[in-house]
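Order of the sequence lines fixes the chain letters, A, B, ..., with proteins taken first and strands second; residue numbering starts at 1 for each chain.
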Number of protein chains: 2
Amino acid sequence: MLVNETKPFRELCRENGIAVTHQRQVLYETMKTMHGHPSPEEVYARVKKKVPAISLATVYKNIHIFVESGVFREVSLHHGSVRVEMNGEPHHHVVCSKCRKITDIGEKELGLGAKRSRLPGGFLVERYAVDVIGVCAKCQKSDC
Amino acid sequence: MLVNETKPFRELCRENGIAVTHQRQVLYETMKTMHGHPSPEEVYARVKKKVPAISLATVYKNIHIFVESGVFREVSLHHGSVRVEMNGEPHHHVVCSKCRKITDIGEKELGLGAKRSRLPGGFLVERYAVDVIGVCAKCQKSDC
DNA sequence: ATACTAAACGATAAAAGTTATCGTTCAATA
DNA sequence: TATTGAACGATAACTTTTATCGTTTAGTAT
């Protein structure tokens, strides 16, 4: 679940058992005004205008807390490091949101619907890459 | 060494205008035996068994060359750094394989087919995250 | 309101991943 | 076989992220 726009910040914090600090609140409100997929550095630069003494570490720590709390979502659950695909067959990925394990699922096995070859704006489609995100059997058991 | 074994790789190199070096060939053949989504470090560890003097830099450089040549594919075209999603609406991503720009596309606008709530193996699906990969209008023009 | 404690903070060192530099070696070609 | 640009190895540098640690602050219990 993503941000409930109407929910006050204090409530969000109480629900997630985190303290309402000045830095955290300004960070949250700053992030809500941003668009796209900003990096921690970009968020840091923006929030520094309002709280000049804030530390980059605080930005990182709070972004993680927000993501863990479900206040914000990560753009991608894939590895941060460069990874190469060894499976030559057309396939997609199954990603566990708990343990972050990524496994392959065949294009056919996934059975996705119709695809487009063009998108509005003149984007020429080469392929679709689907992540099926959820909880793997192991993590359902171990409640990790 | 046998001529037959080296022939396909030699062809691959000639097609892409790169030299057939011992390191490159062993790297390629090692990678072809691997599964999943190995990191450069993992590839390095494996190839070192056959060419102990190989450098990690060589592994990185050649992985890039292989990816550029289309010999191998990157698992994800997303940012290497942590990114947070500012769009609260259900949406997917349109990714240009040339300039790597990532833009949002609404769930509805993408119009994807039926989704599953369970996968074989007991995986519990939360959501689908789709990357529509291709070439953006700008890169089609500028031939970048 | 005050004191106490755990959480959060800022500064910064360290770690992890990747890229750049540079002198040496080697593959392609002529 | 000689030449030359590409590729190599070693390693420094850089980027991104995490860990450490002393200080400050929010939540709460008095």
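- B:Gln25 has its CD atom 15 Å from the P atom of D:dA7, to the nearest Å.
- The distance between atom CD of A:Glu68 and atom P of C:dA8, rounded to the nearest whole Å, is 11 Å.
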Generate the contact string for nucleotides 13-19 of chain D. Rules: B means base contact, S means sugar-phosphate contact only, - means no protein heavy atom under 4.0 Å.
---SBBB
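- The side-chain heavy atoms of B:Val84 and A:Met31, taken from C-beta on, include a pair separated by under 4.5 Å.
- A:Glu107 and A:Lys115 are joined by a salt bridge, as a carboxylate oxygen and a charged side-chain nitrogen come within less than 4.0 angstrom of each other.
- Within the 4.5 Å cutoff, the side chain of A:Thr33 has heavy atoms near those of the A:Arg46 side chain.
- Taking 4.5 Å as the limit, some side-chain heavy atom of B:Leu112 sits within range of a side-chain heavy atom of B:Val130.
- Within a 6.0 Å radius of NZ in A:Lys101, no more than 12 heavy atoms belonging to other residues, nucleotides or ligands are found.
- Between B:Arg83 and A:Ser76, the closest side-chain pair of non-hydrogen atoms is not below 4.5 Å.
- Taking atom CZ on A:Arg24 and atom P on C:dA6, their separation rounds to 17 Å, with Å as the unit.
- Atom OH in A:Tyr44 sits about 13 Å away from atom C1' in C:dC9, given to the nearest Å.
- One can place CD of B:Glu42 at 13 Å from C1' of C:dG17, the figure rounded to the nearest angstrom.
- As rounded to whole Å, 11 Å separates atom P of C:dA8 from atom CG of A:Asn16.
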What string of B, S and - do you get for nucleotides 24-30 of chain C, 5' to 3', when a contact is any protein heavy atom under 4.0 Å?
---SS--
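- Contact of the A:Glu109 side chain with the A:His91 side chain is not registered, since no non-hydrogen atoms from C-beta on lie closer than 4.5 Å.
- Using a 4.0 Å cut-off, some side-chain N or O of A:Gln23 falls inside it from OP1 or OP2 of C:dG10.
- Between A:Ile63 atom CD1 and C:dA8 atom C1' there is a gap of 16 Å when expressed in whole angstrom units.
- B:Tyr28 has its side chain within reach of B:Phe72: a pair of non-hydrogen atoms, C-beta onward, lies under 4.5 Å apart.
- Around CZ of A:Arg10, the count of heavy atoms belonging to other residues, nucleotides or ligands within 6.0 Å does not exceed 12.
- Comparing the axis of the opening five pairs of the helix from C:dA1-D:dT30 to C:dA30-D:dT1 with that of the closing five pairs yields an angle of 30°, rounded to 10°.
- Between A:Cys96 and B:Phe123, the closest side-chain pair of non-hydrogen atoms falls below 4.5 Å.
- No side-chain N or O of B:His37 forms a donor-acceptor pair with one of B:Glu74 less than 3.5 Å apart.
- Distance CZ (B:Arg14) to C1' (D:dA6): 18 Å, rounded to an integer number of Å.
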